[in-house]
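A note on names: the letters A, B, ... follow the listed sequences, proteins ahead of strands, and every chain is numbered from 1. As the structure is a computational prediction, the values presented were derived from the model and not from experiment. Quick note: numbers below take in every heavy atom, side chains included, and nothing from hydrogens, waters or symmetry partners.
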Amino acid sequence: MIYARGLVKRFGEFTAVDGIDLDVAPGEAFGFLGPNGAGKSSTMRMIGCVSTPSGGELRILGKDPVRDGPAIRARLGVCPQTDNLDPDLHVFENLTTYARYFGIPRAEARRRATELLEFVQLTEKATSMVEPLSGGMKRRLSIARAMVNEPDLVLLDEPTTGLDPQARHLVWERLFRLKQRGVTLVLTTHYMDEAEQLCDRLVVMDGGKIVAEGSPRHLIDTYSTREVVELRFGDEAPSSYVDKLAGIGERLDPLPDRLLLYSADGDAAVSELHRRGFTPSSVLVRRSTLEDVFLILTGRTLVD
Amino acid sequence: MVTAILANRLVASPSRIGAVINRNVGALRSGPSYWLVLVSGFFEPVLYLFSIGIGVGQLIPSLTLGDRVMSYAQFVAPAMLAVSAMSGALAETTFNFFFKFKYVKTYEGVLATPVRPMEIALGELLWATIRGSLYTGGFLVVMIAMGLTTVGWAIVAFPATMLVGLAFGAVGMAVSTLIRGWQDFDLMFAGQFAMFLFSGTFSPVQDYPLGVEIVIGITPLYHAVELVRGITTGALSLGMLGNVAYLVAMGGLGVWLANRRMTKVLCT
């Protein structure tokens with residue numbers, strides 16, 4: 001579905017995407033993970049054929065996005081990061097009007113709009129304008145709109161950013177059903193749970209480059225340990241324990257409020273801790289998540 | 001192969017242009033707010049015709065233009081007709097276009113579909129021309145009813161007002177792609193109002209000093225007024241071909257620039 005080699009996007013002096021390789025297979029749910037400014041959205045815009053690559057090779061659905069932009073876009077569904085629903089049109093009209101951009105006949109557009117509103121549970125809102133809808137409803141409408149041309153490939157740029165937990169779960173559930181129907185999904189996110197829930201395979205981007213690639217499980221196994229122990233000490237700064245705890249677990253990561261201890265066997269690490277006479281005020285043994293991988297790979301510095 | 005690529009790039013799809021126009025019809029279907037916007041735009045030129053054309057016209061017995069003598073209302077009415085074509089189209093391609101272009105990102109959503117910037121530009125321009133033509137059609141009916149032109153000349157004048165709408169709509173759209181924020185609109189409206197007052201609308205340009213007359217001769221509304229007045233008063237002249245050429249060039253330039261700017265801003 002997507003093939004990229006050495007893909008580059010430059011804006012003047014700034015290189016947003018710095019030579020990435022991608023292969024996305026049909027039916028796959030593929031994720032771009034990375035902090036803000038990592039180049040995820042720029043990559044998505046190139047895949048969506050609205051932004052011309054500055055260098056490298058890109059094929060979408062086997063076609064060249066520069067030459068065959070309209071033909072490729074006819075088979076894509078795009079759900080942008082910030083909703084750009086049409087505020088002058090009511091909900092139903094938003095879908096039928098959008099269908100017309102794809103050349104879908106009027107009657108068929110109405111049939112699909114009815115069906116899609118059902119799918120995203122917005123049937124009662126059909127004649128409401130867009131503005132009074134909640135964030136979750138708007139996002140669901142955006143997803144419905146992206147489906148109106150029955151696309152082969154759906155691009156979702158941060159599909160659940162800014163939604164409350166209920167709305168997120170509903171969106172995830174709908175996206176999962178699309179995936180079951182065989183639709184190829186490509187999404188960006190900086191939520192680790194979202195990537196773990198939805199993606200078969202993902203890449204971690206940082207500074208315009210791909211820094212890791214694989215299934216969520218594979219990434220956790222490769223870049224983190226099976227378990228993580230979160231330790232809090234009442235008295236001193238966590239960093240002061242780094243030397244004292246040396247040799248326990250595989251890696252120590254002091255945060256301002258707690259110490260992360262990466263270990264294949266969390267319980268064994270805790271036993272060792274107690275044997276050496278340390279008495280942390282709280283101990284939490286948990287499974288390693290993508291978040292750990294993400295923070296290991298992209299660091300803890302805040303990026304804007 | 002090369003021709004296929006060129007055709008793909010240059011030719012706009014009529015059905016996609018139609019879909020862009022359809023979006024505005026959809027806005028009319030969605031509720032009353034856009035209807036109010038449309039209807040209100042009709043009245044301004046009509047009110048000017050009544051207040052100045054008829055009202056002030058009472059003080060001016062008749063007016064001689066070249067070798068023709070006409071009533072003041074006959075002189076002002078075609079100018080107001082041209083103005084209603086201009087302001088109808090401009091309202092669409094400035095305010096509405098700018099809002100969709102810059103703030104609500106409507107076009108970003110549209111460009112994610114097979115529709116291309118040129119098709120958006122042409123679709124919005126045609127819609128703006130339709131809007132302007134609704135006003136001029138109504139205005140021509142008023143003119144016929146008041147005996148300010150004949151049915152025959154009104155039928156000829158109607159397509160001329162469409163050209164006026166097209167030309168102003170296109171340039172308005174190009175300007176909208178360059179505008180930074182609402183404050184720039186004040187500048188644009190000042191320019192629009194100056195043209196409205198001095199383009200041979202309320203008094204013949206020959207009455208101004210030569211320098212001023214030349215400046216006016218460069219501005220677009222003058223050409224629109226000359227063209228439309230020549231038709232509604234039934235005094236065709238060769239110079240009107242120049243007016244047509246001016247308006248056609250203006251429209252072409254506007255579309256070209258609007259397409260270029262939209263591609264640059266939205267497709268990076």
Against chain B, work out which of [options] has the most heavy-atom pairs shorter than 4.5 Å and name it.
| options | result |
| --- | --- |
| A/T82, A/T97, A/V50 | A/V50 |
| A/M129, A/R145, A/R106 | A/R106 |
| A/L155, A/D88, A/I72, A/T127 | A/D88 |

Under a 4.0 Å threshold between the charged nitrogen and the carboxylate oxygen, would [Y] count as salt-bridged to [X]?
| X | Y | result |
| --- | --- | --- |
| A/R111 | A/E108 | yes |
| A/D68 | A/R75 | no |
| B/R23 | B/E124 | no |

Has the side chain of A/R45 got a donor or acceptor atom that lies under 3.5 Å from a matching backbone atom of B/T268?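 The answer is yes, because a donor-acceptor pair under 3.5 Å joins these two groups.
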Considering residues, nucleotides and ligands other than A/K138, do more than 12 of their heavy atoms fall under 6.0 Å from its NZ?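 Atom NZ in A/K138 is packed in, count exceeds 12.
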Less than 4.5 Å to any heavy atom of chain A: does that hold for the side chain of B/L266, its backbone, both, or neither?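 Just the backbone, heavy atoms under 4.5 Å.
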Is chain B contacted by the side chain of [X], its backbone, both, or neither, given a heavy-atom distance below 4.5 Å?
| X | answer |
| --- | --- |
| A/P87 | side chain |
| A/M46 | neither |
| A/V78 | side chain |
| A/R10 | neither |
| A/F11 | side chain |

Assess the side chains of A/Q81 and A/S41: does a donor N or O sit below 3.5 Å from an acceptor N or O? yes
Less than 6.0 angstrom separating the ring centers of B/Y103 and B/W182, yes or no?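 Yes, they do, as the ring centres are separated by less than 6.0 Å.
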